[in-house]
2 protein chains.
Amino acid sequence: MNKKQMQSEQTKKRVADAARSLFALKGYKATSIEDIVAATGSSKGNIYYHFKSKEGLFLYLLDEWDREWEENWEKKQWQYQTMKEKLFGIAEQLALEDLNHPLTRAADEFFHLEEKSNEVEERIKVIYQNHFQFFETFIQRGIDQGEFKPVNAKYLAIALESLFVGLNQMSRTASSEDVGKIYQSAVQAFLYGMAKESD
Amino acid sequence: MNKKQMQSEQTKKRVADAARSLFALKGYKATSIEDIVAATGSSKGNIYYHFKSKEGLFLYLLDEWDREWEENWEKKQWQYQTMKEKLFGIAEQLALEDLNHPLTRAADEFFHLEEKSNEVEERIKVIYQNHFQFFETFIQRGIDQGEFKPVNAKYLAIALESLFVGLNQMSRTASSEDVGKIYQSAVQAFLYGMAKESD
DNA sequence: TATGATACAGAATGAACGTTCAGTATAAAA
DNA sequence: TTTTATACTGAACGTTCATTCTGTATCATA
């Protein structure tokens, strides 16, 4: 790789890192390009040279995040035996992430912005669909291995993703000790039900 | 009531109705006061005379909505016998609402905006806390009547609210026939669990 | 009828921000 | 060394909007 290419990559990373921190601190909308300029020393034009737009910059950060998540999970999942344990493991990882990952808040805001370009709307759909897919294969595996009831994996995958999306949001009003408990209670209920006798 | 007061109330209602439609159509941010002016024939000044601010106008609509929801549920809940049935009933009403109520999308956007005044932040917290309270008493009643396991009602109430909040969001990417099924699957799992043997 | 409050009008304000673009510096390629 | 592509600069542009403010009309009240 060239000296120039390396420098270019460095500045791109520098911008991305600063942007992530700022988005985390102030939210998506409230973070202006000007802010990022001030934080990096790069110019506006340069940011637009490396990233197509503010939206594009944010999507870049989201992609990075998703990649990291999957890597982490791949490493971690082998410490659990059963699918049930794995589900609790997922819950734990998500709970920690909701509390700690810098982009959760901003991502939430970003997903709910109404003035999104169609391209962005598509990208978000793809992100969700990947999550659905992840849970669907997960549930299906649990069924095949005899751990789960023969439920409709497709619908339940969406329900599960919904649960975690909702928990993510609620976790912001709760105290941080409670967050773990809430996640656990939710998964507990999802696995074993809150009703007394199962029919 | 005066003729003047009646007129005043009428215009307030006219503005509220138009605003609701516009927010539903274009979202919160994308609906400008100018839009509402154009739709009502009222002036900017008049809108600010009746409502403290754009936020205030939206909160007014949210309050109306919550009132209506509770009224509807009060009427409807008597048609169900057990708490389990009632929970399915709640899910059904929420699913229908997510599909049909004009403000669901805009409310989502509004809740996730980062540039909220502290006052608004407080109001939103109160709204959520009311929902938690609702579910907590609901679950507690189920426990007392022997229908539910002796779970931690507080945590599970938050989990339930989370589930419905998440479902609400997911329901937008799904086809409208699926939405009902997804809600049902979710409640089914929450009540009876997806795991095969309960411990 | 005179007075005061309420309801309404709409121009003016003022700030915020994403994006573009014409131009410059740097380093790789020829 | 000359040429060319890449990396970078920052001023200027254009647009959007919520809110305020001064003034006026309308109706209730005294």
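The sequence lines fix the lettering, A, B, ..., with proteins before strands; numbering per chain opens at 1.
Salt bridge present: D17(A) and R20(A) bring a charged side-chain N and a carboxylate O closer than 4.0 Å. K4(B) and E9(B) are not joined by a salt bridge, as no carboxylate oxygen comes within less than 4.0 angstrom of a charged side-chain nitrogen.
S8(B) has a side-chain polar atom (N or O) that falls below the 4.0 Å cut-off from OP1 or OP2 of dA7(C). Residue H50(A) places no side-chain N or O under 4.0 Å from the OP1 or OP2 atom of dT6(D). Look at T11(A) and you'll find a side-chain N or O under 4.0 angstrom from OP1 or OP2 of dC8(D). A close approach under 4.0 Å does not occur between any side-chain nitrogen or oxygen of K4(B) and OP1 or OP2 of dA7(C).
A donor N or O paired with an acceptor N or O is found under 3.5 Å between the base of dT19(C) and the side-chain atoms of K44(A).
Between the CZ atom of F51(B) and the C1' atom of dC8(C) there is a distance of 14 Å, rounded to whole Å. Taking atom CD of E115(A) as the reference point, atom C1' of dT15(D) lies 13 Å away to the nearest angstrom. Atom CG in N46(A) sits about 4 Å away from atom P in dC8(D), given to the nearest Å. Distance, Y49(A) OH to dT19(C) P: 18 Å, rounded to whole Å. Rounded to whole Å, atom P of dT6(C) lies 19 Å from atom CD of Q10(B). One interatomic measurement links the two molecules: CD1 of I47(A) to C1' of dT9(D), which rounds to 12 Å at whole-angstrom precision. Summarising the geometry, the separation between CG on L57(A) and P on dT19(C) is reported as 10 Å, rounded to the nearest angstrom. Between the CD1 atom of I33(B) and the P atom of dG14(C) there is a distance of 20 Å, rounded to whole Å.
Here T40(A) lies out of heavy-atom contact (under 4.0 Å) with every strand.
In terms of position along DNA chain D, the nucleotide closest to S32(B) lies nearer the 5' end than the nucleotide closest to the other residue of the pair K3(B) and S32(B). When each of G45(B) and E9(B) is assigned the nucleotide of DNA chain C with its nearest heavy atom, E9(B) is the one assigned upstream, toward the 5' end.
The aromatic rings of H131(B) and Y128(B) sit perpendicular, their planes meeting at an angle over 60°, well past the 30° parallel limit.
Using modelled atom types and a 3.5 Å distance limit, the side chains of E68(A) and N72(A) yield no donor-acceptor pair. Between T31(B) and D35(B), the side chains place no donor N or O within less than 3.5 Å of an acceptor N or O (distance only, hydrogens not considered).
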